[in-house]
Amino acid sequence: TQSTRPQRILGAVQKNATRGDPRSVVRAIDQYCRNQEWAMNVGDEKGCILDSVVSEVNPATVLELGTYCGYSTVRIASLLPPHAKLITLEFNPEFAVIARQVIAWAGLEDKIQLVEGASGDLIPKMKEQFGVETFDLVFLDHWKDRYLPDTKLMEECGLLRKGSVLLADNVICPGTPEYLEFVRSSPRYESQYFKSHLEYTKVEDGMEKSVFLG
Ligand SMILES: O=C(NC/C=C/[C@H]1O[C@@H](n2cnc3cncnc32)[C@H](O)[C@@H]1O)c1cc([N+](=O)[O-])cc(O)c1O
Ligand SMILES: [Mg+2]
C-alpha cells in the first residue's frame, strides 16, 4: 500500500538521524523536505527565527498549536531548560502517530506532551486537565483561520500573562490577515514582524511575534 508523506518523513528520520539527537532529527527532516518532497514544516530558515525567540523567552511552559509531524515540536523542545514543558495539540490521529515516533526518536518524550484533539476544545481544558497556569510562549502553526479565535480563547481562559509571547507562522503565506490585523491594532499586544521565506522555497513568508501586555 502507498505510504503517506508523514510516513516518508518519519522514514527519513529513522534512516538519517541519530536516536536521542534532536538537532539531527531536525536536519534529517529539512534535508528530506528540501531535496525529496516539500512538507509544511516551519523549516530551516524560519526555524532560526523560532530558535532565537525560544532562546530569548527561555520559557518554562510552551503551547504549540498544530503538531503535524513534530518538526517544530522537537526544534523548540531541544532548546528548553531542564524542567520546562511543551504541550502540543494535534487533531489528526495519523499525524499524531507519526509525531509521537519523531519525538521518541529525538528522545524528548519527557519534555513534550502531545494531546490529540481540536485546539478549540482543548484550550478551555488546559488548566483543569493539564495543570497549566499560563503559557510563557505559544507557537501558532495550525489552520490559519484558527489563529485569531484561539488567541481570543486563550485570553478568555486566562492562559496568557503579562509578557506571554505568541509566535505565529505563515502570516504572509498562506496568510492570516484577520489575526495579523488584530495583534497589530490591539493595544494589548506589542507586535513585531520577522520577514523570511516559505519553508524550502523563495516565496515570501514571515512570522509575527506578539507580546501580550496583560
Ligand atoms: O496549512 C498549513 N498549516 C496548517 C497546519 C495544520 C496542522 O495542524 C493540525 N491542526 C489544524 N487545526 C488544528 C486544531 N487543533 C489541533 N490541530 C490542528 C492539522 O491536523 C495539521 O497537522 C500550512 C500551509 C503552508 N503552505 O505553504 O501551504 C505552509 C505552512 O507552514 C503551513 O503551516
Ligand atoms: Mg506553518
Side-chain angles (χ1 to χ4, degrees), residues 4-10 13 26 29-30 32-34 36-51 53-54 62-77 86-103 112-126 129-130 132 135 137-154 156-157 159 166-180 183 193-210:
T4 65
R5 184 173 325 193
Q7 284 170 333
R8 294 191 291 272
I9 289 172
L10 173 61
V13 166
V26 166
I29 295 175
D30 280 330
Y32 180 76
C33 293
R34 184 173 284 282
Q36 307 303 323
E37 66 176 322
W38 186 92
M40 59 182 178
N41 317 118
V42 73
D44 40 7
E45 191 180 334
K46 287 185 289 178
C48 290
I49 300 168
L50 175 60
D51 291 352
V53 172
V54 174
V62 184
L63 176 63
E64 175 180 62
L65 302 177
T67 316
Y68 188 45
C69 295
Y71 172 93
S72 48
T73 324
V74 164
R75 189 159 188 144
I76 294 167
L86 186 160
I87 294 177
T88 183
L89 310 184
E90 175 52 59
F91 72 36
N92 182 314
E94 285 170 38
F95 295 164
V97 162
I98 297 297
R100 290 190 197 285
Q101 295 174 79
V102 169
I103 290 162
I112 296 164
Q113 183 171 8
L114 193 164
V115 185
E116 287 186 52
S119 49
D121 301 335
L122 291 170
I123 285 171
K125 298 174 182 167
M126 278 293 135
Q129 277 202 358
F130 305 104
V132 169
F135 288 107
L137 174 67
V138 181
F139 180 51
L140 297 93
D141 194 20
H142 58 332
W143 294 147
K144 309 315 163 193
D145 60 5
R146 288 299 314 173
Y147 283 27
L148 183 51
D150 284 346
T151 295
K152 290 179 172 174
L153 193 54
M154 286 187 286
E156 285 158 23
C157 296
L159 289 168
L166 305 184
L167 185 63
D169 189 25
N170 311 116
V171 296
I172 302 300
C173 175
T176 62
E178 302 81 14
Y179 173 80
L180 219 41
V183 288
Y193 176 63
F194 292 82
K195 184 175 169 24
S196 186
H197 295 95
L198 180 68
E199 49 268 27
Y200 318 119
T201 78
K202 292 184 172 25
V203 173
E204 180 176 344
D205 187 19
M207 301 172 95
E208 189 84 357
K209 176 192 167 194
S210 306

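One-based numbering, in listed order, for ligands and for the atoms of each. These figures come from a predicted structure and were not determined experimentally. Side-chain atoms are counted along with the backbone in the values below, which use heavy atoms only and exclude waters and symmetry mates.
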task = Report the C-alpha distance between V102 and T73 in whole Å, list the side-chain angles of each, state the deciding distance to 0.1 Å, and finish with yes or no for side chain to side chain contact (heavy atoms under 4.5 Å, CB included).
result = CA-CA 9 Å; V102 169; T73 324; over 6 Å; no
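With respect to I98, the side chain to side chain contact (heavy atoms under 4.5 Å, CB included) criterion is satisfied by exactly one of I103, L10, V13, N92: L10.
With salt bridges taken as basic N to acidic carboxylate O contacts below 4.0 Å, none links R75 and E64. Between D141 and K144 a salt bridge is recorded (basic side-chain N to carboxylate O distance below 4.0 Å). In this structure, R34 does not pair ionically with D30, as no charged nitrogen and carboxylate oxygen lie closer than 4.0 Å.
Counting all heavy atoms, side chain and backbone alike, G66 lies closest to T88 at C-OG1, 4.5 Å.
Protein residues are said to neighbour a ligand when one of their heavy atoms lies under 4.0 Å from it; for ligand 1 these are W38, M40, G66, Y68, L89, E90, F91, N92, F95, G117, A118, S119, D141, H142, W143, K144, D169, N170, P174, L198, E199.
Residues H142 and Y147 place their aromatic rings such that the two centres sit under 6.0 Å apart.
Using a 3.5 Å distance cut-off with no hydrogens or angles, the side chains of E37 and Y32 do pair a donor with an acceptor.
Nearby protein atoms of type N, O or S around the Mg ion (ligand 2) amount to 3 (distance under 2.8 Å).
With hydrogens and angles disregarded, a donor-acceptor distance shorter than 3.5 Å links the side chain of E90 to the backbone of Y68.
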